[in-house]
Structures are given as C-alpha cells and as structure tokens.
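Just the heavy atoms: all of them, side chains too, but no hydrogens, waters or symmetry mates, feed the values below. For clarity, every value in this text was computed on a predicted model and none was experimentally measured. Counting convention: from 1, in listed order, for ligands and their atoms alike. Note that the numbering runs from 1 along the sequence shown for the chain.
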Amino acid sequence: MAELLPRVRDLVLQAKAANMGFNIDAEEADRLSLSLDVIAELIADDALIGWDGFGVVVQAYGQRAGPVLDWLYALAERHNRRIMVRLVKGAYWDTEIKRAQVTGIDGFPVFTRKPATDVSYIANARQLLGMTDRIYPQFATHNAHTAAAILDMAEDLSAFEFQKLHGMGDALHALLMKRGDTRCRVYAPVGAHRDLLAYLVRRLLENGTSSSTIWLTKLELAPFSKSRRTR
Ligand SMILES: Cc1cc2nc3c(=O)[nH]c(=O)nc-3n(C[C@H](O)[C@H](O)[C@H](O)COP(=O)(O)OP(=O)(O)OC[C@H]3O[C@@H](n4cnc5c(N)ncnc54)[C@H](O)[C@@H]3O)c2cc1C
C-alpha cells in the first residue's frame, strides 16, 4: 500500500485533471483483495470529489462478483461518490484453473462452466442496473446474447454503456449503435510493441471462442421487444 497507492493516486489525479475516465482493470483472483484495498482508499479520498470518472472492473466468472458489486455500491454511498463499473466475464480462466490445481485447493475461484459465467454476467448486470444512482455500468462484452439480455433488462438505456475492444466485436457493436439509443465505448490499447505483446496474446486466445457468432444472426433477425420481458 505504501508504494502502490501513491502511484495510482497520482495517475488518478492526472485523469481527473484531464477529465478522463480511469478504470482499474481486474486481474487474477488472488489479487482481488489487494485491488479492493487500493480501490477503497481511492474512493474515500477527498481529492476525487466532483469527478465521476473513477472506475473499477469486475469479473463475472469470479464467484465473488456479486458481493464485490454490493461492496462497491456501499462504499460509493458511504463516501457520497458516483463510480463506474466495467463488467467483464474475465480473461484469465485457464490461469485460474491451473493455479487452483497446482496449489491443490478444494475449489476454484472462478466458475468452471461457460454457461455459469454467462448466467453470472447477466445476474451481475441486473444487479448493476439496480444501482445506477451510484454506479455507471459499463457492459464490456462481444457476446450478442449477453448484450441482448442487457437491452431486455434495462429500463433506462442512457444509464449505462456498452464497451468493446478495438478490433473485436465490430459487427455486434455496429448493430447496437445502429439502434441509436445506446452508447458504446471502444477500448484501445496504447503503448510500445514490447508492452503490448502480452495484450495481443490474450486477445488472440479470446478470438478462439466463437460463442458470439452463433447469436449474431438471431440478433439481426429479431429486434428486441420489451413485451418479451421476463423479469
Ligand atoms: C472493453 C473491455 C475491457 C476488458 N477488460 C478486462 C479486464 O480488465 N480484466 C479481464 O479479466 N478481462 C477484461 N476483458 C476481457 C473479458 O473478460 C472477456 O474475456 C472477453 O470480453 C470475452 O467475453 P465475451 O462476453 O466478450 O465473450 P464470450 O465468448 O461470451 O465469453 C468468453 C468468456 O467466458 C468465460 N469462460 C469461457 N470458458 C469458461 C469455462 N469453461 N468456465 C467458466 N467460464 C468460462 C471466460 O471469462 C471467457 O473470457 C475486457 C473486455 C472488454 C471488451
């Protein structure tokens, strides 16, 4: 905390001065508590007053995602802040499984079946859509079914945004933007070749999953209908 916090705080204050958004990414599960300690200090910091650009990333494949969202909401309320939360499914699934196996622990910190992560994402999204007085949800996904579920659940389409990675999910997000009633932010990496190599490998691994393509045709054919609401 003594070393990390002042460095992050300095970056956060630079972002605030430039009126930019600043999200703390989610990494491996064993770093979650450490990240939350840093995040708690930053949210409590009076230097952030008057700026809603501080954000946190939460991974829906993590079994602690729901309680983490409740914890963030309570923190924002306690300090009278409004924060952003980017909901992702989680990019380190293989690593999490491998680590848990190597250390021989009883369970896994992440869900072990893809449908469980999808359901968790939708449950977490619903949770976030009920917290918009304190949290600005940012739904980062390239999965058409997940995006459709969010549109179906949301009452106020201006209370959140979708996010995509530059170069991925283009067709889906073009369709979402064509509706004209939702926002979409594109996350683009910036840096030198050496810094971006690990990032590139992660994206290549992700591109191997094809669960979105199956749903895209259905999304084009069947526009969302509020009358199908099942909540
Ligand atoms: C703007 C943006 C920012 C991001 N920032 C982060 C970040 O800070 N931290 C981070 O970890 N990720 C981040 N990601 C990546 C994200 O976590 C997902 O890996 C990626 O978006 C793929 O999910 P999907 O919903 O788009 O696709 P889908 O194909 O629907 O989902 C793929 C995801 O399902 C999950 N999954 C796959 N197999 C299994 C299984 N057997 N059991 C359980 N779950 C499984 C994994 O999470 C996998 O990534 C970001 C993504 C975007 C778009």
(request) Could you list which atoms of ligand 1 come closer than 4.0 Å to a heavy atom of Tyr61? (result) 47 (O)
(message) Please report the interatomic distance CZ(Arg179) to SG(Cys184), rounded to the nearest 0.5 Å.
(response) 12.5 Å
(request) Taking the six-membered ring for Trp and the single ring otherwise, decide whether the centroids of Tyr136 and Phe160 are under 6.0 Å apart. (result) no
(request) Number the atoms of ligand 1 from 1 as they appear, then name those within less than 4.0 Å of a heavy atom of Asp25, with their elements. (result) 8 (O)
(request) Show which atoms of ligand 1 fall inside a sub-4.0 Å distance from at least one heavy-atom site of Thr117. (result) 35 (C), 43 (C), 44 (N), 45 (C)
(message) Within the structure, is a non-hydrogen atom of His145 found at a distance of less than 4.0 Å from ligand 1?
(response) no
(request) Check each heavy atom of Glu27 against ligand 1 and say whether those closer than 4.0 Å belong to the side chain, the backbone, both or neither. (result) neither
(request) Could you note down all residue pairs passing side-chain hydrogen bond (donor to acceptor under 3.5 Å, both in side chains) where residues 28-46 supplies at least one of them, sequence neighbours left out? (result) Arg9-Asp45, Glu28-Arg31, Asp30-Arg99
(request) Could you grab the distance from atom CD1 of Ile49 to atom CG of Asn80, nearest 0.5 Å is fine? (result) 8.0 Å
(message) Any nitrogen or oxygen of Lys164, side chain or backbone, less than 3.5 Å from one on ligand 1?
(response) no
(request) Under 4.0 Å from a heavy atom of Arg86: give me the atoms of ligand 1 that qualify, with their elements. (result) 3 (C), 5 (N)
(request) To the nearest 0.5 angstrom, please state how far the CE atom of Met84 sits from the CG atom of Leu72. (result) 12.5 Å
(message) For atom 40 (C) of ligand 1, which of the options Gln163, Met168, Gln138, Lys114 provides the nearest non-hydrogen atom?
(response) Lys114
(message) Counting only heavy atoms from other residues, nucleotides and ligands, does the tally under 6.0 Å from CE of Met1 exceed 12?
(response) yes
(request) Would you check the N or O atoms of His142, main chain and side chain alike, for any that come under 3.5 Å of an N or O of ligand 1? (result) yes
(message) Looking only at distances, can you tell me whether any N or O atom of Gln59, backbone or side chain, sits closer than 3.5 Å to an N or O atom of ligand 1?
(response) yes
(message) Using the side chain to side chain contact (heavy atoms under 4.5 Å, CB included) criterion, which residues pair with Ser158? Sequence neighbours excluded.
(response) Asp156, Arg183
(request) Return a yes/no value for Val88: is any of its N or O atoms, backbone included, closer than 3.5 angstrom to an N or O of ligand 1? (result) no
(request) Count the heavy atoms belonging to other residues, nucleotides or ligands that lie under 6.0 Å from CD of Gln101, then report whether that count exceeds 12. (result) yes
(message) Please compare Ile97, Thr146, Leu165 and report which has the shortest non-hydrogen distance to atom 2 (C) of ligand 1.
(response) Leu165
(request) Between Ala116, Gly90, Ala91, Ala29, flag the one that comes closest to atom 49 (O) of ligand 1 by a heavy atom. (result) Gly90
(message) Under 4.0 Å from a heavy atom of Ala140: which atoms of ligand 1 are those, numbered in the order shown and with their elements?
(response) 1 (C), 2 (C), 52 (C), 53 (C)
(request) Using a 4.0 Å heavy-atom threshold (strictly under), name the region of Val57 that reaches ligand 1: side chain, backbone, both or neither. (result) side chain
(request) Salt-bridge test for Lys164 and Asp170: reply yes if a basic N is under 4.0 Å from a carboxylate O, no otherwise. (result) yes
(request) Using a strict 4.0 Å cut-off to heavy atoms of Thr112, name the atoms of ligand 1 that fall inside it. (result) 40 (C), 41 (N), 42 (N), 43 (C)
(request) Examine the proximity of ligand 1 to Tyr92 and report which part, side chain or backbone, both or neither, has a heavy atom under 4.0 Å away. (result) side chain
(request) Enumerate the atoms of ligand 1 whose separation from the nearest heavy atom of Asn143 is less than 4.0 angstrom. (result) 25 (O), 26 (O), 28 (P), 30 (O)
(message) Side chain, backbone, both or neither: which applies to Lys89 and ligand 1 if a contact is any heavy-atom pair less than 4.0 Å apart?
(response) both
(request) Look up atom OG1 in Thr112 and atom CH2 in Trp93, then write down how far apart they are to the nearest 0.5 Å. (result) 7.0 Å
(request) Taking only Lys NZ, Arg NE, NH1 and NH2, and the carboxylate oxygens of Asp or Glu, determine whether Asp118 and Lys89 approach each other closer than 4.0 Å. (result) yes
(message) I need the Tyr73 OH to Asp70 CG distance, nearest 0.5 Å.
(response) 10.0 Å
(request) Could you see which bit of Val110 sits under 4.0 Å from ligand 1, with heavy atoms only: side chain, backbone, both or neither? (result) neither
